[in-house]
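One structure is given below, encoded as structure tokens.
Just so you know, ligand 1 is whichever comes first in the structure, and atom 1 is the first atom listed for that ligand.
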Amino acid sequence: MLNFDFYNPTHIIFGKDRLDEIDKNTPAGAKVLITYGGGSAKKSGLIDKVKTALGKRKIFEFGGIEPNPRYETLMKAVEVVKNENIDFLLAVGGGSAIDGTKFISLASFYKGDASDLLKFGLSTIPPEVTGKAVPIGTVLTLPATGSEMNCGAVISYGHGKFSVLCALTFPRYSILDPTLTFTLPEIQVANGIIDAFVHTTEQYLTFPVDGRVQDRIAEGILQTLIEIGKTTVSEPQNYGARANHVWCATLALNGIVGAGVPQDWATHMIGHELTAMFGIDHGQTLAIILPALLEVRRDKKRAKLLQYAERVWHIDSGSEEAKIDLAIRKTREFFESLGVKTRLSQHGVGAEKIPALVEQLKAHGMTALSETGDLTPDISQKILETAM
Ligand code: NZQ
Ligand code: ZN
């Protein structure tokens, strides 16, 4: 097992009817800015319930954080934080609202040009860069990203998507009430299953380091997602299935799966370019790239792919090649069973677009990806070709 630090201070408040607990977990007398997305939380009445839970505190609202939150939008909220001396941010929504709020939290204390905060890549931003961050709480409405229990954010700027990781932006608390996700459209639920699945594989389908408990946690998450995936998409009010979906998504990216094991993230980095160039939802980009990446990288990932085939898909017979083939095919079929396309061409993206995608990867410094750092632009090109 590799050396690791594990730090995660987020208080999870899980279950039905727990919005009232916002009150005791938010500093008394705080001036609170509620941040949210395009209006789903307003329409469902959730924002009003959150305001009621905040009681007599002075409340401001900032709506309109778009999916794949944009720097320019978030900087408008930074103005509100500064002008109104906001001292607590309460994000209500999915990964985009929460990620955007993390960026607002950091940018509000950064002295220079806040776009500097987008230049750290997958390295964490040292706390002294901003010195402070506005504390954050969240009310999660979409189980997918794990943003409710991690310190990461992904921000869109220009023609790219940029990771922002800083220990100061772990939420203080997150309310995870599965019933708040019942209003999600089917496709967003499917996206959420796939995002959680691929967060897990990015930290599991690498090479063995004898991280036995990490492997078994990862396999438990993958098997649970496979078990409940179709049900939670087709039965939106099935509490048991959705509760398991929510907790899987949180566990998949709160640091526990990836502690002490190699991590890949190439599927995510290539997927980000598909979102930036064609506006394809995050989860759907992963469903396109992961099966193709596993095919192209099958020799590098051989030992873990066999373990995945045997332990997650219970494939016990056949040659090693046949087991790996079947595991990749079952992965693709699982995504498709949720109603998600797994080919670039099905999104109307032709092979002639691949060189431009590879150029964008280069422009964003994504030239040495994967758990071994040897996934070059040429290999990304091969993965994209395999994904056609
Ligand atoms: O904006 P509103 O009107 O709220 O509608 C949203 C949005 O259109 C809607 N929605 C959310 N909750 C709903 C709902 N509609 C009805 N009922 C509800 N309860 O769903 C749409 C998508 O929301 P979004 O927040 O964009 O989705 P998601 O949670 O999948 O977040 C995606 C973003 O997270 C980033 C992605 O790159 C992308 O920008 N990621 C963040 C990560 C992290 N912080 O650790 C890791 C991930 O890998 C990912 O990259
Ligand atoms: Zn993701």
(request) Quick one: do K111 and D116 satisfy salt bridge (charged side-chain N to carboxylate O under 4.0 Å, His left out)? Show the steps, please. (result) CA-CA 10 Å; K111 299 276 187 291; D116 295 346; over 6 Å; no
(request) Could you tell me if any non-hydrogen atom of K42 lies under 4.0 Å from any atom of ligand 1? (result) no
(request) Please determine if T183 has a nitrogen or oxygen closer than 3.5 Å to a nitrogen or oxygen of ligand 1. (result) yes
(request) Pick, from V198, L142, T285, the option with the minimum heavy-atom distance to atom 27 (O) of ligand 1. (result) L142
(message) Do K353 and F278 form a cation-pi contact, if we require the NZ or CZ to be under 6.0 Å from the six-membered ring centre and within 45 degrees of the ring's axis?
(response) no
(request) Assess G93 for proximity to ligand 1: is some non-hydrogen atom of it under 4.0 Å away? (result) no
(message) Exactly one of D195, L122, T285, L290 should register a side-chain contact (heavy atoms from CB on, under 4.5 Å) with H268. Which one does?
(response) D195
(request) Just go through G152, G38, G192 and tell me whose heavy atom is the nearest to atom 1 (O) of ligand 1. (result) G38
(request) Please state which part of E66 comes within less than 4.0 Å of ligand 1, counting heavy atoms only: side chain, backbone, both or neither. (result) neither
(request) Would you check if the distance from the ring center of H272 to the ring center of F162 is below 6.0 Å? (result) no
(request) Measure the shortest side-chain to side-chain distance between F334 and I194 over non-hydrogen atoms and say whether it is less than 4.5 angstrom. (result) no
(message) Evaluate T181 for polar contact with ligand 1, using N/O atom pairs at a separation under 3.5 Å.
(response) no
(message) Please report whether ligand 1 has a polar contact with G95, defined as an N or O pair separated by less than 3.5 Å (distance criterion only).
(response) yes
(message) In this structure, does ligand 1 have an atom that sits under 4.0 Å from one of the heavy atoms of N191?
(response) no
(request) For the Zn ion (ligand 2), find the closest N/O/S atom belonging to D195 and write down its atom name. (result) OD1
